[in-house]
Colleague: 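Encoded as structure tokens, here's the structure I'll be asking about.
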Amino acid sequence: MPYNFTAVEKKWQQHWLTNKTFRALDPDEAGSMPKAYVLDMFPYPSGAGLHVGHPVSYTATDIVSRYLRMKGVNVLHPMGWDAFGLPAEQYAIKTNTHPRETTERNIANFRRQLQMLGLSYDWDREVDTTDPKYYRWTQWILLQLFKSYFDPIDRKAKPIAHLINELTNENFVVAPDNSVVLNPTQEGLEQISGEVRIERLWRELAPEEQREVIDASRLAYTDEVPVNWCPGLGTVLANEEVIDGKSEVGGFPVERRPMRQWMLRITAYAERLLDDLDALQWPQSLKEMQRNWIGRSVGAEVEFDVASPDPDVIGKVSAQDAAEDESEDLSISVFTTRPDTLFGATYMVLAPEHPLVDRITSPTHREAIEAYRTMIAGKSDRDRMADTKEKTGVFTGGYAINPINNEKIPVYIADYVLMGYGTGAIMAVPAHDERDYSFAKKFNIPIRQVVKPQSGEAPMDSAFVDEGIAINSPGINGLPTAAAKEKLIEMLEEEGIGRGSVKFKLRDWLFSRQRYWGEPFPIVLDAKGNPYDIPESELPLKLPEMDDFKPTGTPEPPLSKAKDWVRVESDDGVFFRETNVMPQWAGSCWYYLRYIDPKNDRRFVDAQKERYWMPVDLYVGGAEHAVLHLLYARFWHKVLFDLGHVSTPEPFMRLVNHGMILGEAEYTVFETEQRTAVSVVDVESIDEDGATVTGRQKGTGRAVTGRRIDEGEVERTKEGFVLRSDHAIRVESRSYKMSKSRGNVVNPDDIVRDYGADTFRLYEMYMGPLEAQKPWNTRDIVGMLRFLNAVWRNLVGDEESENHRKTRVVETNGIPEALDRQMHRTIKKVGEDTQGLRFNTALAELIKLNNEMTGLAEIPRPLAENFTLLLAPFAPHIAEEIWERLGHHKSLARRPWPQYDQSKLAEATMELPVQVNGKVRDKISVPADAEEAAILQAAESAERVRPWLEGKSIRKRLYVQKKLVNFVVA
RNA sequence: GGCCUCUUGGCGGAACUGGCAGACGCGAUGGAUUCAAAAUCCAUUGCCCGCAAGGGCGUAUCGGUUCGACUCCGAUAGAGGCCACCA
């Protein structure tokens, strides 16, 4: 009978589920088996269901998992749901259903779709981030962050108790900004005489001050920060969720306003997150993206004194400020990556939000400064970005002293300087920075060149930003940029006016959302808003049951409406629950750990099991998570590592990004001048005014539309419209992302119904390299269906058709030599390509071997069995069915992978191309073990080679081992 | 604007470290089978010249290195991705 994929696939999916065929063994069951943790990025179960892009990576990891099981490896291959998040909540609000309901429905649909693809997950390990049994541990990890600080000496997270200890012992002191630093006297550093010691000792602090210091040190802390408030979504968003001043979800405008928010101190880990990238087997491009995101810049901090303020300025500032003015001279710290250009600094710019702006501004300029600051504050990020070309800013009326040459330079404020990076202030060197240049031009500020190019002249109408030779800079003149930087930093440090410094672009992670559908914080606040952790025994802290979970429309989160839930009375008094929830990223930061031990209710993961399975050996997913998920997860993992909860410093050893599947190509016809990419179109019609041509591309038969070619180029014949044959046209094709609006979305359900899951899997793997972006083309799928049908006919037979072969598998071990060689080559290639994730070429080899079998009268059993086993990871349903019909009673899932015989790969004779001056002229057949001299002899006398050598002298005879022969003649 | 990646037949793609360009699939053309169709099987299929034998040209464009370049180097053009006033 012909191959019935629907019945066969259903049968084996059922079989795998009931027999738990793909159960991963716990370490104590596994014995000496090697382990492999093969992980997919778990999906957000959207209402739209699976997209044809999902199965690309899922099939890839499934093939690897199935292959490894057959190699005798204990494989952990799990799946779960990243189910908290905005879309479910938005949908819930729109339809007035609880997000739990829609989430459950969506998960059921996703599970059905994944099972219909025959993916070999261990379904007993399924996780769901919205399940209280799961988010209990998400909350537990947040508590660990809350109860830890980043130790500046050991550069790792430690419990807060340890910090209090260090402070009590006066190993640490408290800096003015409440940060904790090494006690300089403990280090044996002598205090510079006359300098005022500004650090404070722990015992000098009042209890309230002490708690402020502690709270400011936590890895999870609250802060009043300017946030991206999105009125459309009624929530605050992370910088990463704002694109061009609009929300990533929904595209609503986003504005900035200060709010109390939860932050995670990812910046403490910037250096380690950067350094540890090197050892990971990740795509270079992705590592580069993370490096750019972390954004390490090496340079110097330089102190600029404020030029003696006008007396009337002091009159205006508050009494407290005036008191401080007496004790210390005002100075502004700037960060620069080009300290070598310090002599070229002709003005200074502060961010509009810089705290010193008030102190510097002269009374005559105050009004203009205030107006500018108000204007900037009201601007959304989007507006701020819109006009990056035109620089704006205002003079403060104040001046600063360039410490290197005691020059008095004007101080401006401008929005091109950002408060969030460096020190929020810059020295401006218009000769060597594009932004400073355009600002200086606009405000008529002098431009002084202090670096000249290695050769040639610096441009007159733009900044010279490249490296060169220092000039006009006493002390570093003549030095190339790199050396000049070093020398100048030395000079700064000697004079005590600056120091070498490293800054990062990475900001702390804004971790709270004003939504309902997320993990509640396991935190209560006292009347003053001070945070306290709740006991771990009270976890999970469940979301309150609410009928009205709509945003309040104000920054007050929806949970604030659950009054009974919010109020907590205890022996210590009345507390209020934190009403923010965690962002969607929270659950995905550690899910890979939960798969290891998903049912454990005493720990987030058992320590022994964690040591056995971690790290993840292969992680496959889309590049859209290159910086967000992958950076956040690495951060959490490192914290857990520091605190001794996990055994590896990095979670994901090998990571691969699968390419996106684009929609089917769309075609347009153009007249062409060049005869490149020419193809012919049979025109079916042109519209009345002749502007649009529609037709079919010759060869592909695909519908094309295009601009009208030329007047008179299109003729009408009996058959219809045609293009004159001498006319060259160009058919341009373009593929776009699949999207509802374009109407080019392909639903996996349809494909599986029409072609079967095996064919679908094969097609997606055969389209091209896993990492490449590839256009979908439904027309091509049939090739894989034909392949599977041919395999079925070869190994099972088709009794229904006279013309078709009966089963021809015969009981013999004798395989004809050529076929045997092809089989061993296929075993080798399929194994190697599968390990290298080159599924397209592995399949090509299988197809080739099947084509060889198609010409045979009978197929020896060893060949039939090996072929079935090789096919199994790719097309598991049909392979299991054939395996059974070959007389086996157990699933082939753990059947040993075939081995190839090295000695059977090579032929006795080999064919060598013979080139003359690099052009192939003939081929010779020689014994595989022939001597070089004999080969050259044979090549030289080859029939089609001789004419090219006649009358010429052979200058060189080249023989490349088993590759080719080349004669160089004059 | 910066950083990164890519560009091979009518289409998807192959060629792992420089060594026979176009494996394999789709499409197309011709044939077999069939009353006919579907399905299947066989053959051809980069372009140009030639009846043929054969020859020439070909991996976006131009140039270089090499006995030999899709592969390495330089420039140009085009496409895609990420970041985007980060001092």
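Any value given below was found using the heavy atoms of this structure, including those in side chains, with hydrogens, waters and symmetry copies removed. Below, chains carry the letters A, B, ... as their sequence lines are ordered, and counting in each starts from 1.
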Colleague: Mind checking who B:A36 pairs with, Watson-Crick or G-U wobble, both distances under 3.5 Å?
Modeller: none

Colleague: When rounded to the nearest 0.5 angstrom, what distance separates CD1 in A:Ile781 from OH in A:Tyr755?
Modeller: 5.0 Å

Colleague: To the nearest 0.5 Å, how far apart are OG1 in A:Thr854 and CG in A:Asn794?
Modeller: 4.0 Å

Colleague: Using atom P in both nucleotides, what's the gap between B:G1 and B:U76 to the nearest angstrom?
Modeller: 13 Å

Colleague: Classify the nucleic acid contact of A:Gln284 as base, sugar-phosphate or nothing, counting any heavy atom under 4.0 Å across all strands shown.
Modeller: nothing

Colleague: Salt bridge or not for A:Arg499 and A:Glu301, using N-O below 4.0 Å?
Modeller: yes

Colleague: Among the candidates B:C67, B:A14, B:G27, find the nucleotide nearest to the side-chain atoms of A:Arg779.
Modeller: B:G27

Colleague: If I take atom CG in residue A:Asp780 and atom P in nucleotide B:G10, what distance separates them, rounded to the nearest angstrom?
Modeller: 16 Å

Colleague: Just call it for A:Asn917: base, sugar-phosphate, or nothing, with non-hydrogen atoms closer than 4.0 Å on any strand.
Modeller: nothing

Colleague: Is there a donor on the side chain of A:Lys391 or the base of B:C85 sitting less than 3.5 Å from an acceptor on the other?
Modeller: yes

Colleague: Tell which nucleotide pairs with B:U71, taking only Watson-Crick or G-U wobble pairs whose two distances are both under 3.5 angstrom.
Modeller: none

Colleague: Rounded to the nearest 0.5 Å, how far does CG of A:Leu277 lie from NZ of A:Lys287?
Modeller: 6.5 Å

Colleague: Quick check on B:C67: is either OP1 or OP2 less than 4.0 Å from any side-chain nitrogen or oxygen of A:Arg957?
Modeller: no

Colleague: Calculate the interatomic distance between A:Glu664 atom CD and B:C11 atom P; express it in whole Å.
Modeller: 15 Å

Colleague: Take the protein atom CZ of A:Phe839 and the nucleotide atom C1' of B:G12, then report the distance between them rounded to whole Å.
Modeller: 18 Å

Colleague: Tell me the closest heavy-atom pair linking A:Pro55 and A:Phe760, and the distance in Å.
Modeller: CG-CE2, 3.8 Å

Colleague: Could you tell me how far B:A75 sits from B:G58 if I compare only their P atoms? Round to whole Å.
Modeller: 24 Å

Colleague: Between A:Lys391 and A:Asp436, is there a salt bridge with N-O shorter than 4.0 Å?
Modeller: no

Colleague: So, is A:Ser297 near the phosphate of B:A87, with a side-chain N or O under 4.0 Å from OP1 or OP2?
Modeller: yes

Colleague: Taking 4.0 Å as the cut-off, does a side-chain nitrogen or oxygen of A:Tyr766 come that near to OP1 or OP2 on B:G25?
Modeller: no

Colleague: Indicate yes or no: does A:Lys828 engage A:Glu832 in a salt bridge with an N to O separation below 4.0 Å.
Modeller: yes

Colleague: Any chance you could measure A:Phe787, atom CZ, to A:Leu871, atom CG, to the nearest 0.5 Å?
Modeller: 5.5 Å

Colleague: So, A:Trp776 versus A:Tyr763, ring centres under 6.0 angstrom or not?
Modeller: yes

Colleague: Think A:Arg786 has a side-chain N or O under 4.0 angstrom from the OP1 or OP2 of B:A39?
Modeller: no

Colleague: Expressed in angstrom and rounded to an integer, what is the separation of A:Met784 atom CE from B:G27 atom P?
Modeller: 11 Å

Colleague: Rounding to an integer number of angstrom, what distance separates B:U65 and B:U17 when you compare their P atoms?
Modeller: 24 Å

Colleague: Is there a Watson-Crick or G-U wobble partner for B:C47 with both distances under 3.5 Å, and which nucleotide is it?
Modeller: B:G56

Colleague: Quote, to the nearest angstrom, the P distance that separates B:G22 from B:C16.
Modeller: 13 Å

Colleague: Could you check whether A:Phe439 and A:Tyr416 have their ring centres less than 6.0 Å apart?
Modeller: yes

Colleague: When you measure from the side chain of A:Thr337, which nucleotide among B:A87, B:C20, B:A23 comes out closest?
Modeller: B:A87

Colleague: With a 4.0 Å cutoff (strictly under), does any side-chain N or O of A:Asn777 reach OP1 or OP2 of B:G25?
Modeller: no

Colleague: Name the orientation of the base relative to the sugar in B:G64: syn if the glycosidic angle is within 90° of 0, else anti.
Modeller: anti

Colleague: Report the nucleotide, chosen from B:G25, B:G13, B:G19, that has the shortest atom-to-atom distance to any side-chain atom of A:Leu964.
Modeller: B:G19

Colleague: If you look at every heavy atom in A:Ile63 and A:Phe874, which pair is closest and at what distance?
Modeller: CD1-CD2, 3.7 Å

Colleague: Using a 4.0 Å heavy-atom cut-off across all strands, classify A:Arg296 as base, sugar-phosphate, or nothing.
Modeller: nothing

Colleague: With both distances under 3.5 angstrom, what nucleotide forms a Watson-Crick or G-U wobble pair with B:C20?
Modeller: none

Colleague: It should be established whether A:Arg793 places a side-chain nitrogen or oxygen under 4.0 Å from OP1 or OP2 of nucleotide B:A39.
Modeller: no

Colleague: Using the C1' atom as the point on both nucleotides, what is the distance between B:C20 and B:G46, in whole Å?
Modeller: 16 Å

Colleague: Report which part of the nucleic acid A:Lys503 touches: base, sugar-phosphate, or nothing (heavy-atom distance under 4.0 Å, all strands).
Modeller: nothing

Colleague: When you measure from every atom of RNA chain B, which of residues 339-347 of chain A have a heavy atom less than 4.0 Å away?
Modeller: none

Colleague: Please report the distance separating the C1' of B:C11 from the corresponding atom of B:U61, rounded so that it comes out in whole Å.
Modeller: 24 Å

Colleague: What is the nucleic acid contact for A:Arg944, judged by heavy atoms within less than 4.0 Å: base, sugar-phosphate only, or nothing?
Modeller: sugar-phosphate

Colleague: A:Glu288 has a side chain; which of B:C85, B:C3, B:A14 sits nearest to it?
Modeller: B:C3

Colleague: Between B:A23 and B:A32, how far apart are the P atoms? Round to whole Å, please.
Modeller: 27 Å

Colleague: When you measure from the side-chain N and O atoms of A:Asn840 to the phosphate of B:C24, is any distance below 4.0 Å, counting only OP1 and OP2?
Modeller: no

Colleague: Choose from B:G81, B:A14, B:G13 the nucleotide whose nearest atom is closest to any side-chain atom of A:Lys774.
Modeller: B:G13

Colleague: So what's B:G30 paired with, Watson-Crick or G-U wobble, going by both distances under 3.5 Å?
Modeller: B:C42

Colleague: Distance check needed: B:G25 C1' versus A:Asn851 CG, whole Å only.
Modeller: 10 Å

Colleague: Near RNA chain B, counting only heavy atoms under 4.0 Å, which residues of residues 825-838 of chain A show up?
Modeller: none

Colleague: Rounded to whole Å, how long is the line connecting atom NZ of A:Lys441 with atom P of B:C85?
Modeller: 24 Å

Colleague: Starting from P on B:A87, measure out to CZ on A:Phe304 and report it in whole angstrom.
Modeller: 16 Å

Colleague: Regarding A:Glu764 and A:Lys774, does a basic nitrogen lie under 4.0 Å from an acidic carboxylate oxygen?
Modeller: no

Colleague: Which base, if any, makes a Watson-Crick or G-U wobble pair with B:U7, both distances under 3.5 Å?
Modeller: B:A77

Colleague: Taking atom types as they are modelled, would you say the side chain of A:Asn966 forms a donor-acceptor pair with the base of B:C67 within the 3.5 Å cutoff?
Modeller: yes

Colleague: Pick the C1' atom in B:A43 and in B:C49, then give their distance to the nearest Å.
Modeller: 24 Å

Colleague: By nearest heavy atom, map A:Ile847 and A:Gly768 onto RNA chain B; which one lands nearer the 5' end?
Modeller: A:Gly768

Colleague: Measure OH/A:Tyr437 against P/B:G1 and give the value in whole Å, please.
Modeller: 17 Å

Colleague: Under a 3.5 Å cut-off for both distances, is B:C82 Watson-Crick or wobble paired, and to whom?
Modeller: B:G2

Colleague: If every non-hydrogen atom of A:Ile409 is compared with every non-hydrogen atom of A:Ala345, which pair is closest and at what distance?
Modeller: CG2-O, 3.8 Å

Colleague: Under 4.0 Å between a side-chain nitrogen and a carboxylate oxygen: does that hold for A:Glu271 and A:Arg296?
Modeller: yes

Colleague: Considering heavy-atom distances to RNA chain B, does A:Lys848 or A:Lys737 have its closest nucleotide positioned more toward the 5' end?
Modeller: A:Lys848

